[in-house]
Amino acid sequence: MRTHVSTPGRAHRAEGARDIHRALPEEVPVALVFNGTTQAVMMATPGDLGDFLRGFALTEAVVTDLAQISEIEIVEHPQGLEARAWLSEDRAHAMLARRRSATGPIGCGLCGIDSLEQAARPVPRVRSDLRLTARDVAGASDALRPHQTLHQLTGATHAAGFLVPGAGIAFAREDVGRHNALDKLIGALLHQGIDPASGAVVMTSRVSIELVQKCALAGIAILIAVSAPTAAALRLAEEAGITLAAFARNGAFDVFSHPHRIIDEAVHVA
């Protein structure tokens, strides 16, 4: 399924009006199905759905390792798409203990859960020796921009990028939803055999609590965002041992938690 469409419109500017065509991102219901049971239905951009399913499975604790997924297939329906996975028997039982039952809109990743306890789910504490230079962090948003091909076409998608110390953005994924973009990125890294803990995540959005939850479950120690964190996201980042840098744009940034991972000079490896 295509990720964007071209649609006619009329542009009104100070110098006058003219007919135009604009590219708009597609946004479709995507059912994430494990062993025949729908765990969530998310409004998402219909690209990189295998990565989306893998990342969602890990960051929502459906699996603890991709080896627990035996097969993935994407099935198109008139109403939307299904991303299907088959799990090992032990994970299939664990999945039923935390099942989502509602559609999750792109603005809120927690809307599908069915109890307050799930919203405040505990996350592991991230322990990492990863370090970034201040220059890496200050330039992270600019480094991500060339990888935002769908955003360049539409101006309407978020991106999540994987920043490798001293090497720039190694991977990026886009989606109309910031949570979806992060799941796609984590899924892509795992599928390529890359440890998400070996780099930082760069987001083109504000930082919500679920982005921090997902990073903690993936073992990501540094989260960099172009906009602000919520207070709840910051509290969880402090608790989870995650370095949270925000307002990362125009060569500047603010650090809100665990600043020891960001250093002023270059990292030298013996």
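Keep in mind the model is a prediction, meaning the values are calculated, not measured. In this chain, numbering begins with 1 at the start of the sequence shown.
- Legend: residues meeting side-chain contact (heavy atoms from CB on, under 4.5 Å) with Q152, ordered by chain and number and at least two apart, are absent.
- With hydrogens and angles disregarded, a donor-acceptor distance shorter than 3.5 Å links the side chain of S141 to the backbone of A248.
- H258 and G241 get closest at one heavy-atom pair: NE2-CA, 3.4 Å.
- For the salt bridge (charged side-chain N to carboxylate O under 4.0 Å, His left out) condition, no pair includes a residue of residues 150-165, sequence neighbours left out.
- Transitive grouping of hydrophobic side chains (ILVMFWY, heavy atoms separated by less than 4.5 Å) keeps V63 and V33 in distinct clusters.
- E89 contributes atom CD, which lies 9.5 Å from atom CG of N35 (distance to the nearest 0.5 angstrom).
- Every residue meeting the salt bridge (Lys or Arg N to Asp or Glu O under 4.0 Å) condition with R2, not counting sequence neighbours, appears here in chain and number order: E26.
- Distance check: L185 CG to C215 SG gives 9.0 Å after rounding to the nearest 0.5 Å.
- Taking 4.5 Å as the limit, every side-chain heavy atom of P46 sits out of range of all side-chain heavy atoms of E76.
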Worksheet entry | Full working for side chain to side chain contact (heavy atoms under 4.5 Å, CB included) between K214 and E60 | CA-CA 7 Å; K214 288 177 180 293; E60 296 299 324; 2.8 Å; yes
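- Among all heavy-atom pairs drawn from A83 and L49, the shortest one is CB-O, 4.4 Å.
- In this structure, the side chain of E174 engages the main chain of L150 through a donor-acceptor pair within 3.5 Å.
- The salt bridge (charged side-chain N to carboxylate O under 4.0 Å, His left out) analysis of residues 154-165, with sequence neighbours excluded, yields no pairs.
- For residues 216-228, no residue pair satisfies the salt bridge (charged side-chain N to carboxylate O under 4.0 Å, His left out) rule, not counting sequence neighbours.
- Nearest approach of V176 to A156, heavy atoms of both residues: CG1-O, 4.2 Å.
- Each of R131, H260, R261 was checked for a side-chain hydrogen bond (donor to acceptor under 3.5 Å, both in side chains) with T243, and the lone residue meeting it is R261.
- Between L244 and V255, the closest side-chain pair of non-hydrogen atoms is not below 4.5 Å.
- Applying the salt bridge (charged side-chain N to carboxylate O under 4.0 Å, His left out) definition to pairs two or more places apart or across chains, none involves residues 233-256.
- Checked by atom type and distance alone, the side chain of T59 never pairs as donor or acceptor with a backbone atom of D183 at under 3.5 Å.
- Rounding to the nearest 0.5 Å gives a distance of 11.0 Å between CZ of F52 and CG of L81.
- With contacts defined as side-chain heavy-atom distances shorter than 4.5 Å, the pair V212/E210 does not qualify.
- Distance check, rounded to the nearest 0.5 Å: CG of L163 to CD1 of I169 gives 4.5 Å.
- Side-chain contact between F56 and Q39 is present, with at least one heavy-atom pair separated by less than 4.5 Å.
- Of the possible polar contacts, none joining the T38 side chain to the A40 backbone as a donor-acceptor pair under 3.5 Å is found.
- The minimum heavy-atom distance between S205 and V226, with the atom names listed, is N-CG1, 3.5 Å.
- Side-chain contact between V201 and M203 is present, with at least one heavy-atom pair separated by less than 4.5 Å.
- Remark: D142 engages R145 in a side-chain contact (heavy atoms from CB on, under 4.5 Å) (not counting sequence neighbours).
- For the atom pair CD1 of I242 and CZ of R125, the computed distance is 9.5 Å after rounding to the nearest 0.5 Å.
- For the 3.5 Å distance criterion, the side chains of T157 and H4 fail to qualify, holding no donor opposite an acceptor.
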Side chains of residues 16-24: which donor-acceptor partners sit under 3.5 Å, not counting sequence neighbours?
{"from": "D19", "atom 1": "OD1", "to": "R10", "atom 2": "NH1", "distance (Å)": "2.7"}

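- Using a 4.5 Å cut-off on side-chain heavy atoms (C-beta onward), L87 and Q68 make no contact.
- Here the rule is side chain to side chain contact (heavy atoms under 4.5 Å, CB included) with V137, and of I222, V202, I263, I262 only I262 fits it.
- Checked by atom type and distance alone, the side chain of S257 never pairs as donor or acceptor with a backbone atom of A237 at under 3.5 Å.
- Remark: R91 pairs with no residue by the salt bridge (Lys or Arg N to Asp or Glu O under 4.0 Å) rule, at least two apart or across chains.
- A donor-acceptor pair under 3.5 Å links the side-chain atoms of K184 to the main chain of G47, judged by distance alone.
- The side chain to side chain donor-acceptor pair (under 3.5 Å) test applied to Q148 returns no partner, not counting sequence neighbours.
- P229 and F256 get closest at one heavy-atom pair: CD-CE1, 4.1 Å.
- Side-chain contact between V28 and M1: present, with at least one pair of heavy atoms (C-beta onward) separated by less than 4.5 Å.
- For T154, there are no side chain to side chain donor-acceptor pair (under 3.5 Å) partners two or more places apart in sequence or in a different chain.
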Worksheet item: What do the steps show when you test L58 against L217 for side chain to side chain contact (heavy atoms under 4.5 Å, CB included), and what is the final call?
Response: CA-CA 7 Å; L58 182 80; L217 284 162; 5.6 Å; no
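- Remark: side-chain polar atoms of D175 are paired, donor with acceptor, to backbone N or O of T45 under 3.5 angstrom.
- Clustering ILVMFWY residues whenever any of their side-chain heavy atoms sit less than 4.5 angstrom apart, transitively, puts L66 in the very cluster that holds L32.
- Residues A240 and V123 come closest through the heavy atom pair CB-CG2, 4.0 Å.
- Under the 3.5 Å distance criterion, with hydrogens and angles disregarded, no donor-acceptor pair is assigned to the side chains of R206 and S227.
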Distance-only donor-acceptor pairs under 3.5 Å for side chains of residues 186-199, two or more places apart:
{"from": "H191", "atom 1": "ND1", "to": "R54", "atom 2": "NE", "distance (Å)": "3.4"}
{"from": "D195", "atom 1": "OD1", "to": "A197", "atom 2": "N", "distance (Å)": "3.0"}
{"from": "S198", "atom 1": "OG", "to": "D195", "atom 2": "O", "distance (Å)": "2.7"}

Worksheet entry | Steps toward salt bridge (Lys or Arg N to Asp or Glu O under 4.0 Å) verdict (E15, R13) | CA-CA 5 Å; E15 62 273 17; R13 303 290 185 267; 5.6 Å; no
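- Atoms CD and CG, from E27 and N180 in turn, are 9.5 Å apart once rounded to the nearest 0.5 Å.
- Counting heavy atoms from C-beta on, the side chains of V30 and V41 never come closer than 4.5 Å.
- Under 3.5 Å, the side chains of S88 and D90 contain a donor-acceptor pair of N or O atoms.
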